[in-house]
Amino acid sequence: MKTAIFPGSFDPFTIGHESIVRRALPMFDKIIIMIGFNANKKSFFPLEKRLKWINQVFQHENKIEVCVHEGLTVDFCKKAGASYILRGLRTSADFEYERAIAQVNKKMHPEIETIFLLTLPEHTPVNATIIRDIVLHGGDASMFLPAGLDRNDFKPE
Ligand code: ADP
């Protein structure tokens with residue numbers, strides 16, 4: 001069984017994230033979207049909402065699971081029996097950041113491969129930080145969010 005973990009903070013889950021998961025689906029038997037939880041870091045959107053949104057986006061997709069994990073992604077991979085970590089790349093800045101993590105992970109856990117998908121050109125500027133800023137200042141970020149979610153839910157807490 002080929003299982004991949006797609007880890008992230010998903011604060012919020014965007015059309016960029018959704019696209020990476022959908023494009024990776026044919027490559028794996030199962031993709032676990034892992035929301036990284038850090039008890040010492042306050043997120044913009046509460047964990048419950050992020051979980052709910054991702055579950056809603058993939059409600060008809062039986063190859064996808066959504067989980068929350070505090071700690072290293074590689075530890076979660078072992079627990080879940082996953083040999084692949086899926087990540088998306090938008091820019092050279094993403095690449096440099098991701099390269100270091102993937103290479104350290106590979107050194108420490110050679111049995112786990114990190115797989116990168118290049119974002120679609122139209123998703124390159126879609127960035128959770130910018131979306132949070134739009135929401136914080138009362139703007140409408142819906143064009144960057146997956147279809148079918150309740151727009152009224154995307155308000156600052
Ligand atoms: P993290 O805090 O781990 O970077 P994110 O939620 O920001 O978590 O992103 C999770 C993954 O999705 C990362 O690999 C990131 O590069 C990728 N990603 C984020 N936005 C996009 C996008 N618009 N297109 C493709 N991949 C993206």
Side-chain angles (χ1 to χ4, degrees), residues 3-28 30-58 61 63-77 79-80 82-106 108-109 112-136 139-149 153-154 156-157:
T3 303
I5 306 297
F6 183 49
S9 34
F10 309 122
D11 191 19
F13 194 81
T14 69
I15 50 170
H17 297 129
E18 179 187 9
S19 161
I20 295 289
V21 173
R22 292 204 191 279
R23 287 167 57 204
L25 265 180
M27 293 187 259
F28 299 103
K30 181 157 112 179
I31 296 179
I32 306 178
I33 301 172
M34 188 206 93
I35 306 180
F37 175 73
N38 184 342
N40 298 313
K41 242 173 92 182
K42 195 171 173 349
S43 60
F44 186 79
F45 293 108
L47 184 58
E48 302 70 45
K49 277 197 175 176
R50 286 179 282 153
L51 254 176
K52 182 180 82 175
W53 291 329
I54 304 172
N55 274 314
Q56 242 171 302
V57 171
F58 296 112
E61 199 46 77
K63 283 164 79 175
I64 293 181
E65 277 177 29
V66 190
C67 292
V68 178
H69 174 70
E70 182 162 26
L72 296 175
T73 301
V74 283
D75 290 338
F76 184 79
C77 287
K79 214 170 74 179
S83 307
Y84 301 93
I85 295 174
L86 174 66
R87 298 288 283 176
L89 291 178
R90 287 163 293 186
T91 60
S92 53
D94 272 357
F95 172 76
E96 282 307 328
Y97 174 73
E98 298 288 344
R99 182 184 58 79
I101 299 174
Q103 287 176 335
V104 168
N105 278 341
K106 185 70 182 158
M108 295 175 71
H109 304 275
I112 298 174
E113 285 293 352
T114 305
I115 308 285
F116 296 103
L117 287 187
L118 264 187
T119 190
L120 298 180
E122 62 270 32
H123 292 158
T124 306
V126 179
N127 178 314
T129 309
I130 297 176
I131 293 177
R132 290 196 295 271
D133 223 37
I134 297 172
V135 170
L136 182 67
D140 179 8
S142 18
M143 71 176 79
F144 306 117
L145 300 169
L149 301 180
D153 229 6
F154 288 86
E157 291 294 304

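Every number for a ligand or one of its atoms is a count from 1 in the order of the listing. Computed over heavy atoms, backbone and side chain alike; hydrogens, waters and symmetry mates excluded.
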Kindly say whether Val57 contributes a backbone atom to a donor-acceptor pair with the side chain of Glu18 at under 3.5 angstrom?
no

Indicate yes or no for a side-chain donor-acceptor contact from Arg23 to the backbone of Leu118 under 3.5 Å, with no hydrogens or angles considered.
yes

Who's the nearest protein heavy-atom neighbour of [atom], and how far?
atom: atom 24 (N) of ligand 1; answer: Thr119 OG1, 2.9 Å
atom: atom 4 (O) of ligand 1; answer: Arg87 NH2, 3.5 Å
atom: atom 21 (C) of ligand 1; answer: Arg90 CD, 3.6 Å
atom: atom 16 (O) of ligand 1; answer: Gly88 O, 2.6 Å
atom: atom 8 (O) of ligand 1; answer: Ser9 N, 3.2 Å
atom: atom 19 (C) of ligand 1; answer: His17 NE2, 3.3 Å
atom: atom 6 (O) of ligand 1; answer: Phe10 N, 2.9 Å

In terms of the angle between their ring planes, are Trp53 and Phe154 parallel, tilted or perpendicular, with boundaries placed at 30° and 60°?
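Ring orientation of Trp53 relative to Phe154: parallel.
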
Heavy-atom distance under 4.5 Å between the side chains of Ser83 and Ile112, does that happen here?
no

Quick check: do Ile35 and Ser9 have side-chain heavy atoms less than 4.5 Å from each other?
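Side-chain contact under 4.5 Å: no.
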
Look at ligand 1 and say whether Phe6 reaches it with a heavy atom at a distance under 4.0 Å.
yes

Any atom of ligand 1 sitting under 4.0 Å from a heavy atom of Thr14?
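It does not; every heavy atom stays at 4.0 Å or beyond.
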
Using a strict 4.0 Å cut-off to heavy atoms of [X], name the atoms of ligand 1 that fall inside it.
X: Glu98; result: 13 (C), 14 (O), 16 (O)
X: Asp94; result: 16 (O)
X: Gly8; result: 3 (O), 6 (O), 8 (O), 10 (C)

Checking side-chain polar atoms at under 3.5 Å, does Ser142 have a donor or acceptor matched by the opposite partner on Asp140?
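Note: Ser142 and Asp140 side chains meet the donor-acceptor criterion.
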
Under 3.5 Å, is there a donor-acceptor pair linking the side chains of Arg50 and Ser43?
yes

Please work out whether any backbone atom (N, CA, C, O) or any side-chain heavy atom from C-beta onward of Pro7 is under 4.0 Å from ligand 1, and answer side chain, backbone, both or neither.
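For Pro7, only backbone atoms sit under 4.0 Å from ligand 1.
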
Report yes if some N/O of [X] lies less than 3.5 Å from some N/O of ligand 1; otherwise report no.
X: Val126; value: yes
X: Leu89; value: no
X: His123; value: yes

Salt-bridge test for Lys52 and Asp153: reply yes if a basic N is under 4.0 Å from a carboxylate O, no otherwise.
yes

Evaluate Ile115 against Phe28 for side-chain contact (heavy atoms from CB on, under 4.5 Å), listing each step before the verdict.
CA-CA 11 Å; Ile115 308 285; Phe28 299 103; 4.3 Å; yes

Quick check: His17 with Phe10 (ring centres under 6.0 Å apart)?
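Yes, the ring centres sit under 6.0 Å apart.
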
